[in-house]
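Structure first, commentary second.
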Amino acid sequence: MIYAQIMAGGIGKRMGNVPLPKQFLMLGSKPIIIHTIEKFILHAEFELILVSVPTDWISYTEDIVKKYGVLDTRIRIISGGAERNDTLDNALRYIEEHGGNGVDDLLITHDAVRPFITRRIIEDNIKALKDYDAADTVIAAFDTIVEGKDGEISSIPVRDLMYQGHTPQSFRISSLKESLAKLTIKERQKLSDSAKIMLLDGKKVKMVESEVFNIKITTPYDLTIANAILENIH
């Protein structure tokens, strides 16, 4: 079985003084999270589409899903967690409790605030898991990447080998659980990138090509750019 998780567990502090967590802010005529959910319900492959939100915002999310006519019966609104790994754990637990514990079960995880994900990106993530334990969606770095510490440059990696990480990040669930189980409490607090957790466990992670417009809406500037992208698409 193939499951999707739309990760909306945070409150978006970098968005500044706004009345709602960033995933619920309006993008065009609909909340950001609704745009993202609509991309996933187009795929019949998903057994369930889990939408992970802060516990206090579950009822609100259920209300806006109904308000904007997203009526797919596969959607489940569940609690996120204090940290990204906690949000992931809650989804894995929900899947297991609802019959998803097969060796070949897959999980496609995506940031709720990346509303311009395409059908091709989702399909390429699913295909990648035929031969890999994990997949990470990336785009080639356009700028030179500079590594620094204490105000000084420590290295300048070769740009042709550098990529920027987007989402989805996708996993064979059994393999992901195996890697997560090996982490200490300290490591769980430090390592928030699930693909990196599997990489450090010696598993190969397939790179899936993203799109430059698959942006993450984190700041007010990002929201301005997202509205421009939406207008251009329409």
Side-chain angles (χ1 to χ4, degrees), residues 5-18 20-23 25 32 52-54 80-91 109-117 121 125 132-171 175-226 228-229:
Q5 182 189 16
I6 297 173
M7 305 186 84
I11 58 173
K13 294 178 181 178
R14 283 176 287 180
M15 188 57 74
N17 187 23
V18 291
L20 302 168
K22 61 185 178 182
Q23 57 268 33
L25 296 177
I32 295 169
S52 302
V53 301
E83 304 294 339
R84 193 177 184 88
N85 282 336
D86 300 320
T87 298
L88 181 60
D89 282 342
N90 287 351
T109 70
H110 185 63
D111 295 328
V113 289
R114 291 187 188 272
F116 300 117
I117 184 172
I121 292 174
N125 269 264
Y132 288 81
D133 287 310
D136 198 0
T137 305
V138 303
I139 192 165
F142 296 112
D143 296 324
T144 297
I145 304 298
V146 177
E147 185 176 358
K149 185 178 181 182
D150 299 327
E152 296 181 358
I153 293 176
S154 56
S155 70
I156 301 178
V158 178
R159 187 179 64 184
D160 290 349
L161 301 178
M162 297 294 108
Y163 295 82
Q164 295 170 239
H166 287 184
T167 61
Q169 289 188 331
S170 303
F171 312 95
S175 186
L176 174 60
K177 286 182 175 179
E178 182 182 78
S179 295
L180 287 170
K182 296 177 182 178
L183 297 179
T184 64
I185 294 176
K186 186 175 181 180
E187 287 172 333
R188 286 184 65 88
Q189 294 172 341
K190 183 179 180 181
L191 296 171
S192 61
D193 188 291
S194 303
K196 184 175 182 178
I197 289 170
M198 297 193 73
L199 196 63
L200 291 174
D201 192 32
K203 296 182 169 73
K204 292 184 178 180
V205 179
K206 174 68 173 177
M207 289 198 300
V208 172
E209 184 179 356
S210 189
E211 300 285 357
V212 68
F213 51 79
N214 184 28
I215 66 169
K216 185 176 183 180
I217 302 174
T218 304
T219 67
Y221 174 77
D222 298 330
L223 187 54
T224 300
I225 296 299
I229 293 172

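With contacts defined as side-chain heavy-atom distances shorter than 4.5 Å, the pair I121/E211 qualifies. Taking 4.5 Å as the limit, every side-chain heavy atom of L25 sits out of range of all side-chain heavy atoms of V113. For the pair L88 and L176, the minimum side-chain heavy-atom distance is below 4.5 Å. Side chains of S52 and Q5 form a contact here, defined as non-hydrogen atoms less than 4.5 Å apart.
In this structure, the side chain of E187 does not engage the main chain of I197 through any donor-acceptor pair within 3.5 Å. Using a distance-only test at 3.5 Å, with no hydrogens or angles considered, no donor-acceptor pair links the side chain of N85 to the main chain of Q189. The backbone N or O of A8 lies less than 3.5 Å from a partner atom in the side chain of Q23, making a donor-acceptor pair.
Heavy atoms of other residues, nucleotides or ligands lying less than 6.0 angstrom from CD of E83 number 12 at most. In this structure, L161 places its CG atom where more than 12 heavy-atom neighbours from other residues, nucleotides or ligands lie under 6.0 Å away.
The nearest pair of heavy atoms linking R114 to H110 is O-NE2, 2.8 Å. In plain terms, the two heavy atoms of F116 and A226 that are nearest each other are CZ-O, 3.3 Å. Heavy-atom minimum distance, T87 versus G81: OG1-N, 2.9 Å.
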Result block: side-chain N/O donor-acceptor pairs under 3.5 angstrom for residues 137-152, not counting sequence neighbours:
from : atom 1 : to   : atom 2 : distance (Å)
T137 : OG1    : N125 : ND2    : 3.0
T137 : OG1    : P168 : O      : 2.7
E147 : OE1    : S155 : OG     : 2.9

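By the side-chain hydrogen bond (donor to acceptor under 3.5 Å, both in side chains) test, R188 is found to be paired with D89, residues two or more places apart in sequence or in another chain being considered. Residues forming a salt bridge (Lys or Arg N to Asp or Glu O under 4.0 Å) with K203 (at least two apart in sequence, or on another chain): E178, D201.
Using a 4.0 Å cut-off between a side-chain N of Lys or Arg and a carboxylate O of Asp or Glu, K196 and D193 do not qualify as a salt bridge. Salt bridge D111/R84: present, at least one basic N to carboxylate O contact under 4.0 Å.
Distance check: I229 CD1 to I217 CD1 gives 8.0 Å after rounding to the nearest 0.5 Å. I156 CD1 to M162 CE: the interatomic distance, rounded to the nearest 0.5 Å, is 12.0 Å. Considering CG of N90 and CE of M7, their distance stands at 9.5 Å, rounded to 0.5 Å. One distance of note links OG of S175 with CG of L180; it measures 9.5 Å at 0.5 Å rounding. To the nearest 0.5 angstrom, K22 atom NZ is 5.0 Å from K216 atom NZ. Note that CE of M198 and CZ of F171 are 6.5 Å apart. Values are rounded to the nearest 0.5 Å.
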